[in-house]
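Both ligands and their constituent atoms are indexed starting at 1 by order of listing.
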Amino acid sequence: MSSSVSLPLGFPLPRHRRVVRANRALEQAISEAMGLRRTVGQGATGDLVDVLMQPTARHGSLPDAVIRETLAATLLASENTSAAGFGWIVHELTRHPEIQKTVAAEAAAVLPASGPITHAHYERLSLTARVVREALRLWPPNWMFARHVMHETVLGGYTLESGTKVMVPAYVMQRDARWFPDPLAFDPDRWLPDGSGSAAPQFAYMPFGAGPLICMGMSWSLIEMTLATALLTRAFHLAPSSAAKVVPDPSRGLSPAGLRVRLAIRSDSGNTADLPTTGGTMAGCPITGRAE
Ligand code: HEM
């Protein structure tokens, strides 16, 4: 992203050498994990490593290289995206205290004071889910993705030759006033299920992509971000730190660089039993990694 010239990795540049070294280290770590799994036995955890290593009736056993590549791709596709998305949600909640208050009230009403949180609870967090959706509209972590044209295609009046690379800028589309009136306003009620909000046409909103390559982690991350938002706002009041100056950083997905948040325990929060804690206190701000 930092260079307009794309040279092959074999070209001897310091950053190319770093990329090659990092790729090798990742490949080795994944191979070791697979070796370990073979030693201790598969199927024990049912996690992605197990699933990929189990032979299936249709495909038999996948070659090791395919398993390695799939694990590496999933790791890279999942690590920064959810973190950036959650960062933007927190950022918007600090900018909209009235919405934050309602989200916290919804969480207090829906989530159990103790015991497990289930999918049924998630389904009742409708405002929180709309907040997540709206944050991903304004700030899609994958702000641009690509397609290769396989055969000559006419798109929007343009003839695209086979082999052309087409960039799909979700960030631009999701801020287009033709599809989202008052596009820069943070308005979770755009997504009211009764349709009273401004409904966008299909494919004007695609933070997770679309079509056969749509994000495999979409449902999982929506649940994760909705529950994380509910748990955080139920327990804490979020306010921007005076030192914070948030700047969108597009270099590794679109992330809120410089985000600093002040957390104050909500006196009306009921409890914080379900929050990950260390010795009874929060280990640090989940966004900045330090208590502020
Ligand atoms: C906020 C969180 C996330 C966002 C915004 C996001 C977004 C995206 C986008 C835009 C694509 C490209 C789709 C396309 O080209 O049409 C993608 C692909 C993918 N995502 Fe996500 N993603 C997120 C979280 C995750 C998570 C948590 C996982 C895994 C656990 C994951 C796994 C993948 C994989 C494996 C692909 C490649 C799919 C393929 O090429 O077949 N993503 N994601």
Parallel, tilted or perpendicular, as decided by the 30° and 60° cut-offs, for the rings of H96 and F186: parallel

Path from L75 to V49 over hydrophobic side-chain contacts below 4.5 Å: yes

Q100 side chain vs A239 backbone, donor-acceptor pair below 3.5 Å: no

W191 and Y205 aromatic ring geometry - parallel, tilted or perpendicular at 30°/60° bounds: tilted

Where ligand 1 meets P207 - atom numbers and elements under 4.0 angstrom, heavy-atom basis: 5 (C), 7 (C), 10 (C)

Under 3.5 Å donor-acceptor, R234 side chain and R266 backbone: no

Sidechain-backbone polar pair: E27 side chain, R68 backbone, donor-acceptor under 3.5 Å: no

Any donor-acceptor pair under 3.5 Å from R137 side chain to P183 backbone: yes

Co-membership, hydrophobic cluster, residues F145 and Y171, 4.5 Å side-chain: no

Atom 40 (O) of ligand 1: nearest protein contact (heavy atom, Å): L213 CD2, 3.8 Å

Within reach of ligand 1, part of M225 (heavy-atom separation under 4.0 Å): side chain

Heavy atom of protein inside 4.0 Å of atom 37 (C) of ligand 1, strictly below: no

Part of A146 with heavy atoms under 4.0 Å of ligand 1, whether side chain, backbone, both or neither: neither

Numbered atoms of ligand 1 (with element) below 4.0 Å of A210, judged on heavy atoms: 16 (O)

Main-chain N/O of H151 paired with T153 side-chain donor or acceptor, under 3.5 Å: yes

Metal environment of atom 21 (Fe) of ligand 1, protein N/O/S under 2.8 Å: C215 SG

R147, portion touching ligand 1 at heavy-atom distance under 4.0 Å: side chain

